[in-house]
Every structure is written in structure tokens, then in C-alpha cells.
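Have a look at the structure below before the remarks.
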Amino acid sequence: MLEIQQLRTDLDTVTRQLAKRGYAFPVEAFNALEAERKKVQTETQELQAQRNSASKKIGHAKSKGEDVSAIMAEVANLGDALKQAEDHLEQIQQQLQKILLEVPNLPHDSVPEGKDETGNVQIRRWGEPRSFDFAIQDHVSVGEGLGLLDFETAAKLSGARFSLMKGGLARLHRALAQFMLDTHTQEHGYTETYVPYLVNRDSLRGTGQLPKFEEDLFSVHAGGANAPGEAPAASFHLIPTAEVPITNMVRDDIVPLQALPLKFVAHTPCFRSEAGSYGRDTRGLIRQHQFDKVELVHIVHPDQSYEALEQLVGHAEKILQKLALPYRVMALCTGDMGFSAAKTYDIEVWLPAQNTYREISSCSNCEAFQARRMQARFRNENGKPALLHTLNGSGLAVGRTLVAVLENYQNADGSVTIPEVLRPYMNGLDQLASSRGQ
RNA sequence: GGAGAGAUGGCCGAGUGGUCGAAGGCGCUCCCCUGCUAAGGGAGUAUAGGCUCAAAAAGCUUAUCGAGGGUUCGAAUCCCUCUCUCUCCGCCA
């Protein structure tokens, strides 16, 4: 959410900035509502002041045993007018709020301008893609060839965009998550957290998924999807990312200055409806309704958020470096950034079967955008509450990391070498060999 | 699931219709006092808005006592709904 003051005083800048990311701010509707709001709010508050002072007088008079009928008469007609004014004001403010909640964040000055992903800018590249002297397979063929990856059964259990892993592959998946958690907690100073996978609507509003992206979420209702008479507010939503529960830890809080920065990591499943992505990445593990992710969140002093963003990306990169997986870091352009982000780096890992780099992490500084929605504050140097800055990034998407391992570490005989750093998590195993159902 | 109790400022806690944004205490800030420390005295100490203003300062004003609704000229206080916490019972991984 943007600052309403900024919209009132500097609307031109705001609309220009938003236009960079392809968002047309409804200037006229906003200005009309604002003018109306100002008028009605003043009226309402005047009426309230009248009522309050009359009521006070009645109180005084009564305590002295005086007659109050004269003052009562004075206020008699106030009620209806006041009620009407209050209702009107409420209605206007809801409309303003609706506009505000759907406006994306302003891009930081350093964000390259562009319309879509073709406008993203490569910042750096790490590692050299391995050259293969045999015909490579994609991760699906590798996994199925090993007998450890089974989409057919997953489809029977749930449907499309679900997966089933077995044996060494399931273990490798777990090993990756453990390895990531251990690295971030032991080497990067994150506090490990275990968080709810079902969250309420306030949390989703706080991080920006609601109200605009409802169709991307799965929701659940106690007692079944059609629980009679159940209000939508009583429903839960499955987290699309651990960013939601972790970041909302500080919602409605005032964090002491000396507690900053807060750095949390969590390994959670993520659930996405993938509405609107029909036909994209239908094969394999790349785009699933359910996937695991190790998420990093920073809650920081506003002066430090850009420094924190660089650190955050570095922490995610570290995982790929340890796994010796080639990647590149992209600065997303204005047109490709997510709703809440002021600046985003994507990390893209090399997938030999696709002969390209694919997103495996997205690290964003949301500045005060989420904090304002969440009323997440800290007590600043002057002892005054001020909005925090929030950042989040994948460190990394576990399923996609598994894909990268399967493809980059595959061998001619269909086996997969297990990266060094994962072997301690695999009971010393050094490769996934063609399974006879272990 | 059943029965009961509760939710008040940074914290504790008083307050059952009127001068209450809220006693008192703790904490914190500033000042005074005191060889140092400790103790003591005084003052201050919520948040988010709106309006006036070029702006700041300042002033005026509104809202907020878990959330939402209602009664009333007036609600922390009365009524309704919800959320959460605690105690006991039941069930359960």
C-alpha cells in the first residue's frame, strides 16, 4: 500500500512511477473521491464535535442537578444528520481503500525500465554450464528412468500439477531442504521458524496477495468446501509462500530498535492454483500446485533495506554455489516485478535440457509497502513508531533445485551423481542409480 | 464438543452510563538533589487521521479500552455477534 499523503500531495510522481510498471492509476476517480472525502469528513467531524460538547454539557448539568431539557432539545436533531454523514464518510473511505489496496508498489529508482521479462537485466553470472558428451534427458525422463518420479500416480491421487517422489529421490528432495536450512541458520544468521500453512485473510492482505490475487490461492473451509452458512471470513487459505506467515509475524507489532534486523528462514510447502498458466510448464516439476520452498525474510530498519537486499540475494546464491549449479542474477524490470516489490532480483539456474536459465529464486525489497498494510513498525531513534521495511526471497525453491540437480548431475547411464554437499544428508550415498525400487 | 472466567496504554492494574484518552504502580525521558552508587523530589511519557497553514511550529478537531454491530444526548462501562486467551470435563496425533 502506498502512503495516502503521497497520493494527495504528489500524485503526478506516483502516477508516472506506476506507469513505468504498466499500471494506470485511476487519477480522476481518486481525485473525485478525495474531494468528496474531505468535504464529508469535515462535516462529520463538526457534527461529532457538536454532539460531544452538548453531551458534556448535559453531564455537567446533571451532576449539578440542573435541568437539561434545553440542551437535549438542542441535540435532538443532530442524530440523523450525524448518522447520515458518518455512513457517507464510511462509504467513501471504503472506496478509497479499495483503490489503495490494489495499487502496486512504486519501483525503486535503480530498477531498469521495461515492459516484460525481456526488459530484465543480467547483473552477474556464476559457473559454466557443463558440456555433455551424451544425449541429455530432462528431469522428468531422468526421474522416471530411475523409477523414482511418478506423475501418473500423483494424477490419480490429486490431478494435474502434482508429483510423487519415492526412495532416493524423495530423500534427495528432503536433503536439499535440510541443507538449505542448515546453511542459512548456521552460516547466514537466520532464525529457523516453523509456521502455519493455513493463514487468515488479514495475513494475505498484509503481504499483498489479497484483495487482488484471490484466484491464485487455494482456500479451505472447516467441515468441507460447502459448509452451510459459513462466512468467507471464516475460511483459511493455504499459503502460496512462507513469506506470508513469516512476514506477518510482525503485523500490528512495534519492534524494539535493538531487535533489528530480524532474519527468519522457514521450509514450507507452498500452494498455488496457477490460474491463468494453463499450458505453461505442464511437463515436470517446474510448475506445481504444491511445492516446497525454503524462504528467507528480513525485517529491517528502512535505512538498511537495500543493503539487506544484496545480502539476501547473496545468501540464496550461496546455495547454488555450494551445489555447483550455474546461475545468473537478473534485475527485474519495472514491468516484470511483483505487486509488492520495489526492487527484485531473480536468480535463474541453468537447466541443460531446456538449454536456458530458469527462475529458482526471487528476492524482493518491499520497502514499507507491506509494513504499511500490516502496521508493522519499530520504535525509531527518537522513540517514535515508524514503518519497517520487509524483504523476502527464496533460498531456494526446493522442487526446482531438485530439477536442476537431476539435469546438471545426470550421467550417461541414467544415474545421477549426488552433489558433495548433500551426501552427508544422504547417508553418504554418492549417486542415485537406476532403481530396482529401493 | 460441554461448563465457566477473561481481553483496558510499553508492562501491571483500577474503573458498571457523564467532567475518562482513561486512577494508581512499574518502566522510560528530562530536571533538581546527592563525594560515587543507591535512595529521594519535580515534570513529562499512546496511536492513527482530518482541518487551518506555502511549509514548519502551533492550534482546533475526530477516532481508538480484543473486533464488528446496537441502545443512548452521551458507552471502557448496557445489549447482540465474532475472535482470541485461561480453567475444568470429553475427544484426539
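All of these numbers come straight from a predicted model, not from anything done at the bench.
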Any salt bridge between [X] and [Y], counting N to O under 4.0 Å?
X        : Y        : answer
A/Lys322 : A/Glu187 : yes
A/Asp281 : A/Arg358 : yes
A/Asp87  : A/Lys83  : yes
A/Arg201 : A/Glu214 : yes
A/Arg287 : A/Glu274 : yes

Using the [atom1] atoms only, state how far [M] lies from [N], rounded to an integer number of Å.
N      : M      : atom1 : result
B/rC92 : B/rG1  : C1'   : 12 Å
B/rG13 : B/rA55 : P     : 46 Å
B/rG9  : B/rA63 : C1'   : 16 Å
B/rU19 : B/rG74 : C1'   : 12 Å
B/rG66 : B/rG10 : P     : 13 Å
B/rA76 : B/rA22 : C1'   : 8 Å
B/rA23 : B/rC31 : P     : 26 Å
B/rC33 : B/rA38 : C1'   : 14 Å

Qualifying residues under salt bridge (charged side-chain N to carboxylate O under 4.0 Å, His left out), relative to A/Lys98, sequence neighbours excluded: none
When the distance from [atom1] of [X] to [atom2] of [N] is rounded to whole Å, what number comes out?
X        : N      : atom1 : atom2 : answer
A/Asn380 : B/rU47 : CG    : C1'   : 14 Å
A/Lys38  : B/rG49 : NZ    : P     : 16 Å
A/Asp202 : B/rU83 : CG    : P     : 14 Å
A/Leu96  : B/rG49 : CG    : P     : 14 Å
A/Glu3   : B/rA48 : CD    : C1'   : 13 Å
A/Leu47  : B/rC51 : CG    : P     : 16 Å

- request: Output yes when at least one side-chain N/O atom of A/Arg377 is less than 4.0 Å from OP1 or OP2 of B/rA48, else no.
  value: yes
message: Counting only side-chain nitrogens and oxygens, does A/Lys384 get under 4.0 Å of the OP1 or OP2 atom of B/rU47?
response: yes
statement: Whether each nucleotide of nucleotides 59-75 of chain B has a protein heavy atom under 4.0 Å at its base (B), only at its sugar-phosphate (S) or at neither (-) is summarised, 5' to 3', as --SSS------S--BS-
message: I'd like to compare against my own output: the B/S/- annotation of nucleotides 7-14 of chain B with a strict under-4.0 Å heavy-atom distance to protein.
response: --------
task: Look at all strands and tell whether A/Pro256 reaches a base, only sugar-phosphate, or nothing, counting heavy atoms closer than 4.0 Å.
output: nothing
message: Heavy atoms only, 4.0 Å cut-off, all strands: where does A/Gln93 land among base, sugar-phosphate and nothing?
response: nothing
- request: Determine, stepwise, if the pair A/Tyr197 / A/Phe271 fulfils ring pair (Phe, Tyr, Trp, His ring centres under 6.0 Å).
  value: CA-CA 9 Å; A/Tyr197 304 156; A/Phe271 302 91; 7.4 Å; no
field: Intermediate values then yes/no, side-chain contact (heavy atoms from CB on, under 4.5 Å), A/Val297 and A/Thr390
entry: CA-CA 7 Å; A/Val297 168; A/Thr390 61; 5.7 Å; no
- prompt: Between A/Glu46 and A/Gln50, is any side-chain donor less than 3.5 angstrom from a side-chain acceptor?
  reply: no
- request: Give every residue pair that meets the ring pair (Phe, Tyr, Trp, His ring centres under 6.0 Å) criterion with at least one member in residues 44-89 of chain A, sequence neighbours excluded.
  value: none
query: So, A/Gln17 side chain and A/Pro107 main chain: donor-acceptor pair closer than 3.5 Å or not?
result: yes
Return all side-chain donor-acceptor pairs below 3.5 angstrom for residues 418-429 of chain A, not counting sequence neighbours, or 'none' if the list is empty.
{"from": "A/Arg423", "atom 1": "NE", "to": "A/Ile418", "atom 2": "O", "distance (Å)": "2.8"}
{"from": "A/Arg423", "atom 1": "NH2", "to": "A/Ile418", "atom 2": "O", "distance (Å)": "2.9"}
{"from": "A/Tyr425", "atom 1": "OH", "to": "A/Asp182", "atom 2": "OD2", "distance (Å)": "2.7"}

query: What is the ring orientation for A/His184 with A/His188, classed by angle as parallel under 30°, tilted 30 to 60°, or perpendicular over 60°?
result: tilted
query: Dot-bracket for RNA chain B: what is it, with Watson-Crick or G-U pairs under 3.5 Å, [ ] where a pair crosses earlier ones, and | for a pair to another strand?
result: ((((((((.[[[..)..(.....]]]((((((.......))))))(((((((.....))))))).[[[[[..)....]]]]])))))))....
